[in-house]
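The figures here come from the full heavy-atom set of this structure, side chains too, leaving out hydrogens, waters and symmetry mates. Below, read A as the first sequence line, B as the second, and so on, with proteins coming before strands; counting in each chain starts at 1.
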2 protein chains.
Amino acid sequence: MSFSLPERVTLKGPNFIREVFERGVGVPGFISFGIGNPAPEAIPVKVIEDAFDFIVHENPMGLLQYGPMQGDARLSELTLERLSKVHHMNLEGQGLIISNGAGQLLGLVPITVCEPGDEVYMDDYTFTSAINSVRNMGAKAVGIKTDEFGMIPSELEKAAQSGKGKYIYLIPNFQNPTGITMPLERRKEIYAIASKYDLFIYEDDPYGEIRFAGEHVPSFKSFDTENRVLYAGSYSKTLSAGLRVGFLLGPEDVISTIQALKNNTAGQMPLVTQKVVAHVLDQIDYDAHLENVRKVYKSKCDAMMRVFKEKGSSKVHLTEPTGGMFAWMTMPDTVDCDEFFETCMNKNVGIIKCGAFASDGVENGHAFRLSYTVPTIPEIEKGMEILCALTKEYCGE
Amino acid sequence: MSFSLPERVTLKGPNFIREVFERGVGVPGFISFGIGNPAPEAIPVKVIEDAFDFIVHENPMGLLQYGPMQGDARLSELTLERLSKVHHMNLEGQGLIISNGAGQLLGLVPITVCEPGDEVYMDDYTFTSAINSVRNMGAKAVGIKTDEFGMIPSELEKAAQSGKGKYIYLIPNFQNPTGITMPLERRKEIYAIASKYDLFIYEDDPYGEIRFAGEHVPSFKSFDTENRVLYAGSYSKTLSAGLRVGFLLGPEDVISTIQALKNNTAGQMPLVTQKVVAHVLDQIDYDAHLENVRKVYKSKCDAMMRVFKEKGSSKVHLTEPTGGMFAWMTMPDTVDCDEFFETCMNKNVGIIKCGAFASDGVENGHAFRLSYTVPTIPEIEKGMEILCALTKEYCGE
């Protein structure tokens, strides 16, 4: 038989991230700024191995039978405590979901709240899975223009006037792919528009704990007086991505509806990974650990910036992240970016074309995402020297 | 703000399963035939603990970073091998998804293939989450009448004439909640109707490996000449439910679309649990293990049946499962089943009212689900004696 599938699930964007991975894998000397993985040096491997050794044998039957749908109670408790004490969020009337990484929330939120035809506003360049999941779930991803402070309020308002908007998806800290952090004033302007058009805000903050320069900016959730913010966080960047533990804080009634839908449509998550994360949090000084994580990221980011400042073309702009994993390189409009990309790949340097992140499907932009997390510092230096030489070749001194 | 949520996600059925759990928990002497958990004696706890000890330390970084979206390659290989060799499925043109238990598939299948208004046909009483997930995803769950052989073909055909049908959801072996197994002839009749109306079949088979009496019945997938069957299986009932490892076999193009949607909307699963399952399969004689599992289930089911035959009312019918976890007790229409249920609970015996499984939301049926998997044999005997005495009290000798 031939299955006819809805258009929303068969839409296929370009897979530039996979392309770089597949073309680079196994190539001797290939340096990839393409991989969005956390820095391996920042993963507390031994601590997590020890946690497994403890948790697996503490109460094995408790891990191997069906467990609580809402996840591990201690993990929820520790997460809420941190959101309240460290991140100054008001927990009154709030519920928490433990999820399969923050990734599972990208699907759960739109499928729970959107009707077909609803619009979701997001940065013109944003996290690929956030775009695709909104489309897959039958809502419309609408890209909003950004500047050096992130989403432009007047552009958001223009879009919101359609009356079809349901929510605004934002990564306010060290955005993926641009590395931009939205200042507080801009956050307040965006919040005011959300309020005016009765939109909610899906604040995705997987990198928030990895600030290595500049001043902390309060989260939307921390000044959410109208209770319109769903705040998503994750232990993927600070402990381990492979354990798949994320969370969502938001208004109790919405959270309980999302939780019920999660129970019906995805079932419970493995308890062992959640208990390992909780055990690690109980065992270590998490803030001291985060300081180490930030040092690792800072030194790698610094290496990338240092070479670029010394050797990059003055016609090319590279964002200077104050945290997180990504920098965004913008080329002059005159450059053929497909050709530039191919030349980089031929010189064994992998970067990601902006089309991978285009929320409106615009693919002819003149920018690239550079991640500094996985290569070593010598590799970053070598890769950036090659890349910088190419920027001069293509764009002039 | 007030979130307005789509009706499909706010529909709430009765939660009779949770009710029995919550009212029974901590009550001394309470015997629950309500819990749908696998028998704890059948879980190879030590083997799984050993597998964790090996896998966690073998290549920890491989577990703690992001891994392959499609899951662990060895687990896929072992699963496909078994489906081909033991279950005689033709793998040509087929793809496999590893999922978070079979539970995650309950959401992934309808969200991938259904448009709003599409109908999904299922038994009049079936697995609660299968009903709810279809509704949550915006399709219509349509209950089809059943007899002692499962779904009635003529009733299915009547419904399919609407032209809105997308697929038929079936648990052909040891159905939840009725324990009924559909004979081969009936399967072929259902398949012919699927063919006539171009429906596909979602064959959910979590209990298939736990046959402890009677003859094996070939799966739909094993005679799927038209490539219209999605076959879902799970390691939850045979190894461990808490590890959350299930799978889906089906036509390559559909599977790749479901996999892409899973990647976008749920992200990858933890690799550690998948590798533990693969390692266990590599280490043990799985068929010998299954023989033990079947013995455990048979002895518990036999205990339930023995007491019922000796002491139950002749006016009450109890299905005789040949595998799986559930039996279905049907009362005369004259009995007030809500009152009967309350009396059972007051006598410390938990059973599940049929309304929990009603795909059309019909709640005034006269049946109960009894699970024999969790209580010990002495508990089963004691609980059944109480229950049988009550059947005589309410229905006569």
For this session: Select one option (side chain, backbone, both, neither) describing which atoms of B:Leu243 are under 4.5 Å from chain A's heavy atoms.
Result: both

Exercise. Does any heavy atom of chain B fall under 4.5 Å from the side chain of A:Leu261, the backbone, both, or neither of them?
Worked result: both

Exercise. Do you know which of B:Val134, B:Asn264, B:Thr273 has the most heavy-atom pairs with chain A at a distance under 4.5 angstrom?
Worked result: B:Asn264

Exercise. Quick one: CD on B:Gln274 to NE2 on B:His279, what's the gap to the nearest 0.5 Å?
Worked result: 15.5 Å

Exercise. Quick one: of A:Gly103, A:Gly101, A:Pro6, A:Ser240, who has the most non-hydrogen atom pairs under 4.5 Å with chain B?
Worked result: A:Pro6

For this session: Side chain from CB out, backbone as N, CA, C, O: work out which of these in B:Ser236 comes under 4.5 Å of a heavy atom of chain A, or both, or neither.
Result: side chain

Problem set entry | Structural part of B:Leu271 lying under 4.5 Å from a heavy atom of chain A | backbone

For this session: Could you tell me which portion of B:Phe52 (side chain, backbone, both or neither) has an atom closer than 4.5 angstrom to a non-hydrogen atom of chain A?
Result: side chain

Seminar exercise, completed: Of B:Asn100, B:Thr257, B:Ile131, the largest count of non-hydrogen pairs under 4.5 angstrom with chain A goes to B:Asn100

Exercise. Is chain A contacted by the side chain of B:Asn136, its backbone, both, or neither, given a heavy-atom distance below 4.5 Å?
Worked result: both

Problem set entry | Point-to-point distance, once rounded to the nearest 0.5 Å, from OH of B:Tyr202 to CG of B:Leu106 | 4.0 Å

Problem set entry | More than 12 heavy atoms from other groups under 6.0 Å of CD on A:Glu7 | no

Problem set entry | Short side-chain to backbone donor-acceptor contact, B:Ser359 and B:Thr126, under 3.5 Å | no

Seminar exercise, completed: Residue from A:Gln104, A:Met137, A:Gln65, A:His57 scoring the most non-hydrogen pairs under 4.5 Å with chain B is A:Gln65

Problem set entry | Short N-O contact, A:Lys46 and A:Asp50, less than 4.0 angstrom | yes

Seminar exercise, completed: Greatest number of non-hydrogen atom pairs under 4.5 angstrom with chain B, of A:Ala266, A:Gly107, A:Ala102, falls to A:Ala266

Problem set entry | For chain A, the option from B:Gly67, B:Gly62, B:Cys114 that forms the most heavy-atom pairs under 4.5 Å | B:Cys114

Problem set entry | Gap separating the CD1 atom of B:Ile43 from the CG atom of B:Leu239, nearest 0.5 angstrom | 9.5 Å

Exercise. Hey, is the main chain of B:Val374 close enough, under 3.5 Å, to the side chain of B:Asn37 for a donor-acceptor pair?
Worked result: no

Exercise. In terms of heavy-atom pairs under 4.5 Å, which option from B:Ala130, B:Ser129, B:Gly267 contacts chain A the most?
Worked result: B:Ser129

Seminar exercise, completed: When the 4.5 angstrom heavy-atom criterion is applied to A:Asp53 and chain B, the contacting part is side chain

For this session: Would you mind checking which part of B:Val272 comes under 4.5 Å of any heavy atom in chain A, side chain (CB onward), backbone (N, CA, C, O), both or neither?
Result: side chain

For this session: Assess the side chains of B:Asp118 and B:Tyr167: does a donor N or O sit below 3.5 Å from an acceptor N or O?
Result: no

Exercise. Relative to chain A, which segment of B:Arg8 carries a heavy atom at a distance below 4.5 Å: side chain, backbone, both, or neither?
Worked result: side chain

Exercise. So what's closer than 4.5 Å to chain A heavy atoms on B:Thr112: side chain, backbone, both or neither?
Worked result: both

Exercise. Does A:Val229 offer a backbone N or O that forms a donor-acceptor pair with the side chain of A:Asp224 under 3.5 Å?
Worked result: yes

Problem set entry | Distance, nearest 0.5 Å, that separates CD1 of B:Ile48 from CG of A:Leu64 | 4.5 Å

For this session: Flag the one option from B:Gly138, B:Pro40, B:Ser195 with the top tally of heavy-atom pairs under 4.5 Å to chain A.
Result: B:Pro40

For this session: Would you indicate whether B:Phe21, at its atom CZ, is surrounded by more than 12 heavy atoms from other residues, nucleotides or ligands within a distance under 6.0 Å?
Result: no

